[in-house]
Amino acid sequence: MKNSRKYPWVIVGLLWFVALLNYMDRQILSTMRPAMALDISELESAAVFGNLMAIFLWIYGFMSPVAGIVADKWNRKWLIVGSLFVWSAVTMAMGYADTYEQLYALRAIMGVSEALYIPAGLSLIADYHSDNTRSLAIGIHMTGFYFGQALGGFGATVAASYSWHYTFILFGLIGIIYSFILIFFLQEAPHRSETNTLVKEKVPVWKGLSVLFSNIAFWVILLYFAIPSLPGWATKNWLPTLFSENLHIPMEQAGPLATITIALSSFFGVILGGILSDRWIQKNIKGRIYTSAIGLALTIPAVILMGFGDNVYAIVAAGLMFGFGFGMFDANNMPILCQFVSSKYRATAYGIMNMVGVFAGAYITKILGASADEGRLGSDFALLAGIVLLVLIIQLAVLRPKSHEAIS
């Protein structure tokens with residue numbers, strides 16, 4: 001199967017479900033706060049709940065560069081399988097937690113295990129796919145994150161029918177089972193070691209980091225990835241609450257409405273963004289950059305409307321626009337990186353990008369938690385549009401790729 005022409009797409013399919021589980025398991029917590037607060041009183045405070053969300057992001061962020069470095073040096077199949085098993089086991093363990101301290105510790109452990117996946121998964125897909133299909137392949141894989149986010153929105157619904165304990169246990173068990181399935185079907189890329197855990201060509205850690213940080217384009221990509229992460233993570237963690245407050249509906253309804261709106265539109269955004277980018281770059285070397293910029297531009301009015309909208313039509317329309325635009329942006333981050341960074345350092349580079357983006361997410365999650373307590377969630381959310389516009393202008397002015405793919 002590994003040598004089949006179809007296997008690069010089999011890789012996408014296998015990792016699509018891992019991506020779904022990655023976001024589903026982290027997302028279910030954001031919609032179950034009301035149910036969990038009945039048993040754990042500390043969660044009644046939005047600021048305290050924000051801390052619970054933020055600890056995952058801080059640990060996840062600190063681990064991301066390490067995860068990238070490890071993925072550039074070790075067999076990515078086993079990193080992915082091990083990561084999935086551990087975070088799924090942690091998700092199941094959260095179903096047995098009965099104190100805030102236990103939840104806090106488990107969210108920290110989840111941050112470590114989940115961080116190992118994305119650099120390994122995205123770099124594996126990028127290695128299996130050529131310039132003609134890379135954005136579409138990455139885009140399809142990204143839809144797994146969106147569907148996971150959407151399914152995570154049903155955490156409150158399942159909890160309302162059964163319990164929040166049962167919800168964590170069920171979702172965790174699914175991932176544990178799938179990790180064993182991956183052992184038999186997931187394979188490392190052909191140019192990486194098949195018989196050894198370590199990659200044959202060893203590159204010193206500090207050399208890889210020096211190559212990246214001496215590349216001006218990488219600094220711009222880093223900024224371009226980090227700033228949109230502010231509204232991106234704000235949407236993941238606080239949109240259900242924003243929908244509930246602005247539309248005056250219970251969280252059992254607001255959670256699925258918010259997450260499905262974003263996930264559905266993001267699905268179409270990454271597919272269109274992937275196809276458009278793969279075709280545009282054949283005619284214009286900046287095709288991926290332009291496709292990403294179009295998508296990011298769509299998120300600017302969407303963020304404003306989500307923050308200030310007060311009826312279901314306006315807010316849902318804004319959510320659809322944001323998801324579609326962010327999907328186009330999301331599908332092209334790794335492919336754009338491939339134009340400036342060689343395959344030897346891509347997982348490390350994406351790990352650093354992920355760290356900066358997640359730290360931005362942790363910061364905005366905590367800030368918006370305080371905003372929610374003070375009744376300013378919508379207005380503070382809308383302010384994020386301004387800095388996104390600024391970084392969009394910088395990206396278009398500075399990034400000038402010289403080839404379709406960096407070789408060394």
Side-chain angles (χ1 to χ4, degrees), residues 6-24 80 117-151 189 221 224-225 228-229 232 235-236 259-284 286-299 302 319-341 343 346-347 349-350 353-354 357 395 401 404-405:
K6 296 181 180 179
Y7 191 70
W9 293 107
V10 173
I11 285 288
V12 174
L14 289 171
L15 295 185
W16 183 91
F17 195 65
V18 181
L20 181 148
L21 294 171
N22 188 277
Y23 263 56
M24 182 179 71
I80 292 169
Y117 172 64
I118 291 183
L122 289 183
S123 64
L124 185 60
I125 293 173
D127 282 354
Y128 266 106
H129 284 266
S130 68
D131 189 60
N132 292 329
T133 60
R134 184 170 290 142
S135 280
L136 180 58
I138 294 291
I140 292 173
H141 173 263
M142 298 304 288
T143 66
F145 293 129
Y146 304 142
F147 273 91
Q149 183 180 350
L151 289 177
I221 293 171
Y224 182 68
F225 184 83
S229 295
T235 300
K236 291 182 182 74
T259 53
I260 290 176
T261 296
I262 298 296
L264 183 63
S265 55
S266 296
F267 172 83
F268 290 107
V270 291
I271 298 300
L272 177 62
I275 293 173
L276 177 60
S277 177
D278 285 336
R279 292 183 179 180
W280 202 343
I281 197 173
Q282 304 306 317
K283 299 179 180 180
N284 188 318
K286 293 185 70 174
R288 299 201 193 283
I289 294 171
Y290 291 146
T291 303
S292 177
I294 291 171
L296 196 58
L298 290 174
T299 68
L320 291 171
M321 184 186 298
F322 181 90
F324 187 84
F326 204 85
M328 293 181 68
F329 163 79
D330 235 0
N332 285 286
N333 286 319
M334 175 59 89
I336 289 173
L337 183 68
C338 291
Q339 291 188 266
F340 296 94
V341 176
S343 61
R346 283 175 192 161
Y350 201 89
M353 289 165 60
N354 213 28
Q395 182 255 23
H404 288 191
E405 182 167 1

Seminar exercise, completed: Residues at least two apart in sequence or cross-chain that pass side-chain contact (heavy atoms from CB on, under 4.5 Å) with Ser135, listed by chain then number, are Ser277, Asp278, Arg288, Asn332, Pro335
Problem set entry | Straight-line distance of Phe17 CZ to Met24 CE, nearest 0.5 Å | 6.5 Å
Problem set entry | Least distance between heavy atoms, Leu124 atom then Ala189 atom | CD1-N, 3.7 Å
For this session: First locate atom CD1 of Ile262, then atom CZ of Phe324, and finally report the distance between them rounded to the nearest 0.5 Å.
Result: 13.0 Å
For this session: Provide the closest heavy-atom pair for Ile125 versus Ala137 in the form atom of the first, atom of the second, distance.
Result: CG2-CB, 3.8 Å
Exercise. How many angstroms lie between atom CD1 of Ile118 and atom CD1 of Ile80, to the nearest 0.5 angstrom?
Worked result: 11.0 Å
Problem set entry | Nearest heavy atoms of Thr291 and Gly273, plus distance in Å | CG2-O, 3.5 Å
Exercise. Would you say the side-chain atoms of Ser229 pair up with the backbone N or O of Phe225, donor to acceptor, closer than 3.5 Å?
Worked result: yes
Problem set entry | Where Ile289 and Ile336 come nearest, the two heavy atoms and their spacing | CA-CD1, 4.0 Å
Exercise. Taking all non-hydrogen atoms of both residues, which atom of Leu320 and which atom of Ser265 are closest, and how far apart?
Worked result: O-CB, 3.1 Å
Seminar exercise, completed: Rounded to the nearest 0.5 angstrom, the OH-CD distance for Tyr290 and Gln395 is 9.5 Å
Exercise. Got a sec, which residues hit side-chain contact (heavy atoms from CB on, under 4.5 Å) with Asn22, two or more places apart in sequence or on another chain?
Worked result: Arg26, Trp87, Glu114, Tyr117, Phe145
For this session: Indicate the atoms forming the closest heavy-atom contact of Met334 with Ser123, along with that distance.
Result: CE-N, 4.0 Å
Exercise. Is a donor on one side and an acceptor on the other found under 3.5 Å between the side chain of His141 and the backbone of Ala19?
Worked result: no
Exercise. Roughly how far apart are Ser292 OG and Leu276 CG, rounded to 0.5 Å?
Worked result: 11.0 Å
